[in-house]
Amino acid sequence: MSMRATIGLLALGAMAGGAAVAAWTLAVTATAPAAPAPPLTVAYAPETDLERIDVGLIGEARARLDVAAYVLTDRPVVRAIEAAAARGVTVRIVLDPSATERDPDGTLGALATRPNVEMRVKPDGGDLMHLKAYAIDDVTLRLGSANFSRSGETRQDNELAIVRSPAEVGRFEQVFEAIWRTAR
């Protein structure tokens, strides 16, 4: 927008009680590029609702979501994963063997039958799955101590770190692939 047009809008806004300035500000703001996300963000529960963060992050997935979980019982997180799969996101989930014992209502079994979802469990007697992490579209990595459970996300002292680094996502994906190959 030219300087003359800007001055004209400002003058018009002053005469119209500021409505034109507000409209101009809205138009400029709407076309301005969004600031890039910080490379590292850390949140702490219970002060912060980590469940909302996880649901929002999973909502960003457009192509691939790889999840490594000790526990996966938080219903809003499971629904977010289902929604991602419904959008066509390829979802792979690897769980600790004990995760299925914590699924009395069959939520994990139902999730595993969804299109675009493949779920595996680490073998019994091997190393335990204690990761609480996922990678989104080769650009975002979620790490932390919070299990994907209601209490882990909202009531316990836990942290959640969001790393927006393709290099770190790549490192996670190497670990994930090694675990994935041994899971069944």
Side-chain angles (χ1 to χ4, degrees), residues 36-45 48-100 102-103 107-122 126-184:
L40 175 65
T41 305
V42 180
Y44 298 92
T48 303
D49 182 350
L50 304 183
E51 179 182 79
R52 282 187 334 142
I53 294 171
D54 277 326
V55 168
L57 283 172
I58 294 166
E60 293 177 10
R62 296 293 170 253
R64 188 172 78 209
L65 175 65
D66 286 339
V67 181
Y70 176 68
V71 173
L72 182 57
T73 58
D74 187 84
R75 298 229 187 281
V77 171
V78 170
R79 284 193 298 269
I81 293 170
E82 290 172 337
R87 288 192 307 275
V89 174
T90 299
V91 178
R92 298 187 303 169
I93 302 168
V94 64
L95 300 166
D96 186 77
S98 66
T100 56
R102 294 182 183 92
D103 186 36
T107 300
L108 293 176
L111 178 60
T113 65
R114 299 274 185 174
N116 301 320
V117 175
E118 187 176 356
M119 189 178 300
R120 294 185 183 176
V121 176
K122 287 192 72 167
D127 296 332
L128 298 176
M129 165 55 71
H130 207 251
L131 291 172
K132 299 108 176 161
Y134 54 79
I136 301 169
D137 298 339
D138 297 323
V139 295
T140 303
L141 176 61
R142 183 271 202 206
L143 305 164
S145 62
N147 279 312
F148 302 108
S149 67
R150 180 79 176 143
S151 62
E153 299 261 82
T154 62
R155 294 191 357 234
Q156 299 171 1
D157 293 322
N158 278 314
E159 87 279 347
L160 177 152
I162 304 164
V163 182
R164 296 193 189 266
S165 163
E168 291 304 318
V169 173
R171 290 180 62 205
F172 170 80
E173 289 292 355
Q174 287 177 338
V175 170
F176 184 89
E177 287 298 330
I179 295 168
W180 186 256
R181 282 192 303 272
T182 64
R184 57 183 194 307

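Just so we're clear, the structure is a prediction, and the values are computed from it rather than from any experiment. Hydrogens, waters and symmetry mates play no part in the numbers below; they use all other heavy atoms, side chains included.
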Any side-chain heavy atom of Asn116 within less than 4.5 Å of one from Val91? no

Do any pairs count as a ring-ring contact (aromatic ring centres under 6.0 Å, His included) and have a residue in residues 139-174, sequence neighbours left out, and if so which ones? Tyr134-Phe148, Phe172-Phe176

Test your reading of the model: is there a side-chain donor-acceptor pair from Asn147 to the backbone of Gly152, 3.5 Å cut-off? no

Between Arg171 and Glu168 (salt bridge meaning N to carboxylate O under 4.0 Å), is one present in this structure? yes

Are side-chain heavy atoms of Arg114 and Met119 found at a separation under 4.5 Å? no

Val55 and Pro76 have their tightest heavy-atom pair at CG2-O, 3.6 Å

Closest heavy-atom pair and its distance - Leu50, Glu159: CD1-C, 4.3 Å

What are the two closest non-hydrogen atoms of Asn158 and Ser145, and how far apart are they? OD1-OG, 2.8 Å

Side-chain contact test, heavy atoms from C-beta onward, threshold under 4.5 Å: evaluate it for Val169 versus Val139 and give yes or no. no

Between Thr107 and Arg75, what is the shortest heavy-atom contact and its length? OG1-NH1, 2.7 Å

Without swapping roles, check the side chain of Asp137 against the backbone of Arg64 for a donor-acceptor pair under 3.5 Å. yes

Is there a donor-acceptor pair closer than 3.5 Å between any side-chain N or O of Arg184 and the backbone N or O of Lys122? yes

Between the CG atom in Leu160 and the OG1 atom in Thr41, the distance rounded to the nearest 0.5 Å is 9.5 Å

Look up atom CD1 in Ile162 and atom CG in Leu57, then write down how far apart they are to the nearest 0.5 Å. 4.5 Å

Would you indicate whether the side-chain heavy atoms of Met129 and Leu131 approach each other to under 4.5 Å? yes

The reported gap from CG in Asp54 to CG in Asp49 (rounded to nearest 0.5 angstrom) is 9.5 Å

So, Glu60 and Arg142, do they make that salt bridge, N to O below 4.0 Å? no

Give a yes or no on whether a salt bridge exists between Glu51 and Arg155, defined as a side-chain N under 4.0 angstrom from a carboxylate O. no

Which pair of heavy atoms, one from Ala99 and one from Leu108, lies closest together, and at what distance? O-CD1, 3.7 Å

Determine whether Val121 and Pro97 make a side-chain contact, defined as any pair of heavy atoms from C-beta on separated by less than 4.5 Å. yes

Smallest separation among heavy atoms of Ala61 and Ile136, with atom names: CA-CG2, 3.5 Å

Asp127 side chain reached by Thr182 side chain, heavy atoms, under 4.5 Å: no

Step by step, work out the side chain to side chain contact (heavy atoms under 4.5 Å, CB included) result for Ile58 and Val67. CA-CA 10 Å; Ile58 294 166; Val67 181; over 6 Å; no

Compare all side-chain heavy atoms of Val78 with those of Leu72 and state whether any distance is below 4.5 angstrom. yes

To the nearest 0.5 Å, atom CD of Glu153 lies from atom OG1 of Thr73 at 9.0 Å

Donor-acceptor contact present, side-chain Arg120 to main-chain Trp180, <3.5 Å: yes

When rounded to the nearest 0.5 angstrom, what distance separates CG in Asp74 from CZ in Arg150? 6.5 Å

